[in-house]
Student: 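To start, I am sharing the structure in question, which I have written as structure tokens.
Source: prediction; values computed, not measured. Each residue takes its place number in the sequence, starting with 1.
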Amino acid sequence: MEYVEEGPYRFRITRRGTMRVPGVVFASRELLRDAEMSLRQVVDVATLPGIVGASYAMPDVHWGYGFPIGGVAATDPGDGGVVSPGGVGFDISCGVRLLAADCDRRALQPVLHPLMDGLGRVVPRGAGPGGVWPVTGRQLEGILRSGSRYAVEEGHGEERDLRRCEDGGAVADADPDQVDRRARERGLGQVGSLGSGNHFLEVQLVTEVYDESVADAFGITAGQVCVMIHCGSRGLGHQICSDHVRLMERAMARYGITVPDRQLACAPVDSPEGRAYLGAMAAAANYGRANRQLLAEAARGVFRREAGARLTLVYDVSHNLAKTETHQVRGEPRRLCVHRKGATRAFPPGHPELPDDLRAAGQPVLIPGTMGTASYVLTGVPGGGAFHSTCHGAGRVMSRHEAARTTDGKRLRARLEGDGIAVRPVSWRGLAEETPEAYKDVDEVVAASEGAGLCRKVARLVPLGVVKG
């Protein structure tokens, strides 16, 4: 794939063929070394009807379903813009929640292993059913409509949690009527569960603060213990994506839409199919928010019991969503459908959608690394590119099959334990699949995001203990 370097950590794929816009990739040459397949997907996304600006890729870009993971694209509904489930992915509203403890490493160290054992017992994980909160059909309806807000109303959390959650804990315009019976069946038994794959609950230590005033606004300090949770909407979200990809595949011919890859199936944002997907997607996003809310409550209980510590929410943000947002396009405000797939929203200081206590600092951006490396807290910056978006993690370089074939799970655990990281896996193969070597260098990914002007570093965190899905 041919591209030209047009600035620090910025490459351009020139518009050609059926591309409606160019491709723009924020990365270093090293990060792009094995990115041929994902860059071809950047080109394919650039052909979508109504796309504006460019087809963007973040520094952690890698191959995905239809869109690359780390892909960002905005379409204009007023100009035939489409919504594509492949631009969100199967794990709708997969995201990260960060909580700060009122204790430091010295206070936690004597109880770290009992704490990790407790977290391992209370956090359901794996591919099947099992959740912290076994809900009824009526309660599931409340979750689909109101997300974390409903969970808090039912006693699972505190009012402050909602102020520190993207969208106040619930995506607007959710339409549970678009969530079919099979998706509901899969969702009933999984509220408050990690799932499998790269999902985790991690106990971390803040080792470095780069901007003390912003970190203070976020509620984190050097030496503090934190908890990071990474998961999404489980089987319910997966089913919704599958259902609506099939619906849009059948509908495209009716709208005169052709795409270079069937995985980019789409429909106009304002069509019946587009509205149905967005309503179902918002319901799944609310499920994902409630899922992380319940896991946070489970962690709070263990921290109180084992460490006498309290956990306070720093922020919760998704990295798999399509959202209606207003952005400047050629100097004019436009209502756009912004797809972020494996990309994190990064609103700058002063943005009206930020809560009052964060508006001056900007939006917290939560970037997990791997079990053996650092994670980061960033913040949005004025003039951030790609519709105020940035990376979402380290980004895979090795398939799960390859990682499991080349890594012994028991030896990996011994290595991590030797480094002082307490590991509680659900299976040896699942642990091996997520070996740190399967991912890009998160330090380089964050450096590229910052160097490209997408965000700014606030703090660095390292793992003390990991509960793996």
Student: Backbone N or O of A183 within a donor-acceptor pair of the Q239 side chain at under 3.5 Å?
Tutor: no
Student: Looking at R12 and E6, is there a salt bridge between them, counting it only when a charged N and a carboxylate O are closer than 4.0 Å?
Tutor: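 A salt bridge is present here (some side-chain N lies under 4.0 Å from a carboxylate O).
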Student: Salt-bridge test for R396 and D34: reply yes if a basic N is under 4.0 Å from a carboxylate O, no otherwise.
Tutor: no
Student: Atom CG of D161 and atom OG of S148: how far apart are they, to the nearest 0.5 Å?
Tutor: 7.5 Å
Student: Distance from L454 atom CG to R10 atom CZ, nearest 0.5 Å?
Tutor: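 CZ of R10 is found 9.0 Å from CG of L454.
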Student: Between R424 and E417, does any NZ, NE, NH1 or NH2 come within less than 4.0 Å of an OD or OE carboxylate oxygen?
Tutor: yes
Student: Nearest 0.5 Å please: distance from the CZ atom of R97 over to the CG atom of L99.
Tutor: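 Reported to 0.5 Å precision, the distance equals 6.5 Å.
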Student: Salt bridge check, R429 against E433: does any charged N sit closer than 4.0 Å to a carboxylate O?
Tutor: yes
Student: Looking only at atom types and distance, does a side-chain atom of T435 sit under 3.5 Å from a main-chain N or O of A438, one as donor and one as acceptor?
Tutor: no
Student: Under 3.5 Å, side chain of K468 to main-chain N/O of H199, donor-acceptor pair present?
Tutor: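 Yes, because the side chain of K468 sits within donor-acceptor range (under 3.5 Å) of the backbone of H199.
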Student: Working note: L378 + V458, criterion side chain to side chain contact (heavy atoms under 4.5 Å, CB included); need CA distance, chi angles, decisive distance, verdict.
Tutor: CA-CA 5 Å; L378 316 175; V458 176; 5.5 Å; no
Student: Does this structure show an ion pair linking R250 with E273, if we count only N-O contacts that are shorter than 4.0 Å?
Tutor: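 No, no charged N to carboxylate O under 4.0 Å.
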Student: Looking at E325 and R340, is any side-chain nitrogen of the basic one under 4.0 Å from a carboxylate oxygen of the acidic one?
Tutor: yes
Student: Going by heavy atoms in the side chains, are V132 and V122 under 4.5 Å from each other?
Tutor: no
Student: Can you confirm if the NZ or CZ of K341 lies within 45° of the ring axis of F67 and under 6.0 Å from the centre of its six-membered ring?
Tutor: no
Student: Given the rule in the side chain to side chain contact (heavy atoms under 4.5 Å, CB included) test, do V88 and C241 qualify, once you have shown the distances and angles that lead to the verdict?
Tutor: CA-CA 8 Å; V88 172; C241 181; over 6 Å; no
Student: Under 6.0 Å between the ring centres of H230 and H392?
Tutor: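 H230 vs H392: aromatic centres not under 6.0 Å.
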Student: Does the side chain of I92 come within less than 4.5 Å of I240's, by heavy atoms?
Tutor: yes
Student: Between the side chain of R345 and the main-chain N/O of S318, is any donor-acceptor distance below 3.5 Å?
Tutor: no
Student: Please identify each residue that fulfils ring pair (Phe, Tyr, Trp, His ring centres under 6.0 Å) with H62, with sequence neighbours left out.
Tutor: none
Student: Would you call R415 and E437 a salt bridge, using N to O less than 4.0 angstrom?
Tutor: yes
Student: Is the distance between the ring centroids of Y315 and F218 less than 6.0 Å?
Tutor: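 They do not qualify: ring centres at least 6.0 Å apart.
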Student: Take M116 and V467 through the side chain to side chain contact (heavy atoms under 4.5 Å, CB included) test and state the conclusion after the steps.
Tutor: CA-CA 7 Å; M116 294 306 302; V467 176; 3.8 Å; yes
Student: Taking 4.0 angstrom as the limit, do R29 and E5 come out as a salt bridge?
Tutor: yes
Student: With the threshold set at 4.0 Å, does a side-chain nitrogen-carboxylate oxygen contact exist between E166 and R289?
Tutor: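 Salt bridge present between E166 and R289.
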Student: Before accepting this row, confirm whether a basic side-chain N of the pair D243/R246 lies closer than 4.0 Å to the acidic partner's carboxylate O.
Tutor: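 Yes, D243 and R246 are salt-bridged.
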Student: Starting at CG of L431, measure out to CZ of R413 and round the result to the nearest 0.5 Å.
Tutor: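 It comes to 8.5 Å.
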Student: Strictly below 4.0 Å, N to O, side chains only: are D211 and R456 in salt-bridge contact?
Tutor: yes
Student: Ignoring hydrogens and geometry, is there a side-chain-to-backbone donor-acceptor pair from D76 to L336 under 3.5 Å?
Tutor: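 Not at all, since once roles are kept as given, no pair shorter than 3.5 Å links the two residues.
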Student: Starting at CG of D175, measure out to OH of Y277 and round the result to the nearest 0.5 Å.
Tutor: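 Answer for the CG-OH pair, D175 versus Y277, is 14.0 Å.
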Student: If the threshold is 4.0 Å, N to carboxylate O, is there a salt bridge linking R234 and D91?
Tutor: no
Student: Can you measure from CG (D316) to SG (C165) and round to the nearest 0.5 angstrom?
Tutor: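 D316 atom CG to C165 atom SG measures 4.0 Å (nearest 0.5 Å).
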